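A quick note: this is a predicted structure, and the numbers were derived from the prediction, not measured.
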Amino acid sequence: MTSSSITSTSTSRMNKASIPSPPFHYLSPTNVNDTPNGGTTSPIDDPNVKSIKSKICRSNGPSIDLSELDAEVLASEESKRDAYDLGSDLKVALVQARELLERPHTQAEYEKVHSHVKTIVHSILHRKPLEKNSKTISITKTVRESNLSFRLQEYASYESYTYFLQTGTLLPPSNPSVSSLTDEEYLGGAVIGIAPLLARYAIGRATLRDVRSVYITRDLLRQLEGFLMTFDFRNGPLRRRYDGVKYNVKAVETLSYELSVTGANLDTMDVDEEKEQPNMKRMKNDDDNDNLNTSTKTNPPSQPSVLPIQKLEELRSRMERRDELRESLIKQCRDAQKFAKQAIYAIHRNDNTRATKLLQDCLTIIQNNLQPIVNSEPSLYYGSFSNVLEEYVEAVLFHSWIYMKNDGMESTNNQDNNTTTNSTGLVGGKILSRSEFSISLHPEDYLGGLCDLTGEIGRYAVKRGTLRDSASVTLCLQTNMAILLAMERLNRFPSGCGVGKKMEPLRRSVEKIEKMLYELSLVEATGRKDIKAESTSMMDGGVLGGINDED
């Protein structure tokens, strides 16, 4: 052989050896004996590495298709954007309407602006909700989209303020202009929301020394405050807005006092004539009258109520009933969530019988106890009930992943056996789609449970890693990687939920299981196949102990 041919052969070998293998080539479904790069021998394809690959390579990895859910999320977000735009139109129309009330205007101008407001409100109230996937067991969510509820409260405060200017009383909830609003929207707008408008109105009338209008405003605010004190507001938007009412009452009462000490009272019929009287004489007469009958002038005990008491009491009764339902929902949600968590613990202990029973108990509570409450009061969907659904989804997904194969058959799970498994792994690896659940789930419920599943899979990987079960750890990595890729393929996450915050813990779980497989390859490369004390050391301080539930 000539020197040139030897040089050519050496160069060819060097070029082939310089080509790296694909990342995590052992996760691909190719045959173990196949070589990457079109038949080129990989630098790592030596007999020892091939034996490791033969133990951890799976023929079928899990797959997740979220394309249908992605389309639903996009449609939902588009609907929310349309609702937000509609709310912005209502905001601009209300600003124009309030501006018109504060300057001289003709009846034609008022009718034009008011009609525009009514048209937008009609569009909001008759918006068709986005169609959801329905089943025999379903949960209907009919709460206002985007910020429409807040905009309708602004509308209710405008209507209530206009009604006050015309009658001097509070707009009743049965009035056609607000009868289609929810109790919370009426209460937050027409009752609580009118207080700052009345305080501002009183300042303007006090500037003109219009004592009668100031006193009418003061009396209405006093009665409003007294009625609102009968409510047991929980922490929330209504409670925060209610806290501001007392400051509005105090501001108008201060105006009344300041007007009285400057000689203005209800007996004054001509402001200009009153101004010509000596201040000391007017103050002396006012003091004498106040000493004789103060209550008659400032707060007559026989003064009729300016509130629609009967209608407001009915509203209060309905809200108290909803509070009772909410408390019942929260209590039963704790029980359902406990069953779901205990089912996950039972699955980790390989107690399929108990896990199945606990999941059924959780589903029974959701169907028979929680769902009827949410169907009657859709605003209660968010919070405790949504958290229960997310926990239930996580438990069911974990159960199916352990005990079901991709073809729907039950897998044979002997994870209590301390022997290394064959190349098919211990678990079935089935990832249920949203349509395979017996209850209807919104995208945020399913996605949240799917992300939380990766934490339990990480724990399972730690358990199997201590048993030198490379096949099961590989399946854990394949599953978490499939979930990560499916989530990253979504165009966007549902707004108003915490799914986006779960992505970083998901990425870290994938990285930790990758390091775990590397450590297992080191252990097998040394020829140690039995379980030794170093497993405990790895659990306590090594990479295997780094998987935490970061749901």
Which heavy atom of [X] sits nearest a heavy atom of [Y], and at what distance?
{"X": "Y446", "Y": "S433", "result": "OH-CA, 3.6 Å"}
{"X": "S180", "Y": "R144", "result": "O-NH2, 3.7 Å"}
{"X": "M516", "Y": "A461", "result": "SD-O, 3.4 Å"}
{"X": "D323", "Y": "D232", "result": "OD2-O, 4.0 Å"}
{"X": "N480", "Y": "L506", "result": "O-CD2, 3.8 Å"}
{"X": "K80", "Y": "S495", "result": "NZ-OG, 3.2 Å"}

Could you check whether the rings of Y242 and F233 sit parallel, tilted or perpendicular, using 30° and 60° as the cut-offs?
->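 Ring orientation, 0 to 90° scale: tilted.
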Using 30° and 60° as the class limits, which term best fits the ring planes of H348 and F398: parallel, tilted or perpendicular?
->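 H348 vs F398 ring planes: tilted.
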Given E391 and E394, is the side chain to side chain contact (heavy atoms under 4.5 Å, CB included) satisfied, shown in steps?
-> CA-CA 5 Å; E391 193 74 29; E394 177 189 0; 3.5 Å; yes
Taking atom [atom1] of [X] and atom [atom2] of [Y], what is their separation to the nearest 0.5 Å?
{"X": "S177", "Y": "Y158", "atom1": "OG", "atom2": "OH", "answer": "10.0 Å"}
{"X": "I431", "Y": "M404", "atom1": "CD1", "atom2": "CE", "answer": "11.0 Å"}
{"X": "I344", "Y": "R349", "atom1": "CD1", "atom2": "CZ", "answer": "11.5 Å"}
{"X": "I366", "Y": "Q371", "atom1": "CD1", "atom2": "CD", "answer": "9.0 Å"}
{"X": "N369", "Y": "S328", "atom1": "CG", "atom2": "OG", "answer": "7.5 Å"}
{"X": "L359", "Y": "R354", "atom1": "CG", "atom2": "CZ", "answer": "11.0 Å"}

Closer than 4.0 angstrom, basic N to acidic O: yes or no for [X] and [Y]?
{"X": "R508", "Y": "E511", "answer": "no"}
{"X": "E488", "Y": "R507", "answer": "yes"}
{"X": "D361", "Y": "K357", "answer": "yes"}
{"X": "R81", "Y": "E77", "answer": "no"}

Side chain to side chain contact (heavy atoms under 4.5 Å, CB included) between R322 and D183, worked out = CA-CA 11 Å; R322 279 194 288 274; D183 290 339; 2.9 Å; yes
Residue pair [X] / [Y], side-chain donor-acceptor N/O under 3.5 Å:
{"X": "D445", "Y": "Y381", "value": "yes"}
{"X": "E444", "Y": "S386", "value": "no"}
{"X": "R127", "Y": "S79", "value": "yes"}
{"X": "E72", "Y": "H442", "value": "no"}

Any side-chain heavy-atom pair from [X] and [Y] closer than 4.5 angstrom?
{"X": "E314", "Y": "R318", "answer": "yes"}
{"X": "S157", "Y": "Q153", "answer": "no"}
{"X": "L490", "Y": "V73", "answer": "no"}
{"X": "L181", "Y": "L125", "answer": "yes"}
{"X": "L447", "Y": "R434", "answer": "no"}
{"X": "W401", "Y": "L475", "answer": "yes"}
{"X": "E377", "Y": "R326", "answer": "no"}
{"X": "L228", "Y": "L187", "answer": "yes"}

Check the surroundings of atom [atom1] in [X]: do more than 12 heavy atoms from other residues, nucleotides or ligands lie under 6.0 Å from it?
{"X": "K331", "atom1": "NZ", "value": "no"}
{"X": "N368", "atom1": "CG", "value": "yes"}
{"X": "F231", "atom1": "CZ", "value": "yes"}

Donor-acceptor pair, distance only, cut-off 3.5 Å: does the side chain of [X] make one with the backbone of [Y]?
{"X": "T454", "Y": "L450", "answer": "no"}
{"X": "N147", "Y": "F150", "answer": "no"}
{"X": "S160", "Y": "A156", "answer": "no"}
{"X": "T474", "Y": "S470", "answer": "yes"}
{"X": "T364", "Y": "Q360", "answer": "yes"}
{"X": "N491", "Y": "D70", "answer": "no"}

Evaluate the side chain to side chain contact (heavy atoms under 4.5 Å, CB included) criterion for residues Q332 and V388: first the C-alpha distance (whole Å), next the side-chain angles of each, then the deciding distance (0.1 Å), finally the verdict.
-> CA-CA 10 Å; Q332 296 183 77; V388 167; over 6 Å; no
Side chain to side chain contact (heavy atoms under 4.5 Å, CB included) evaluation trace for E184 with L238 = CA-CA 8 Å; E184 288 77 8; L238 285 180; 4.1 Å; yes
Between E159 and Y155, is a side-chain hydrogen bond (donor to acceptor under 3.5 Å, both in side chains) present by the stated rule, with each step listed?
-> CA-CA 6 Å; E159 287 287 353; Y155 163 73; 3.1 Å; yes
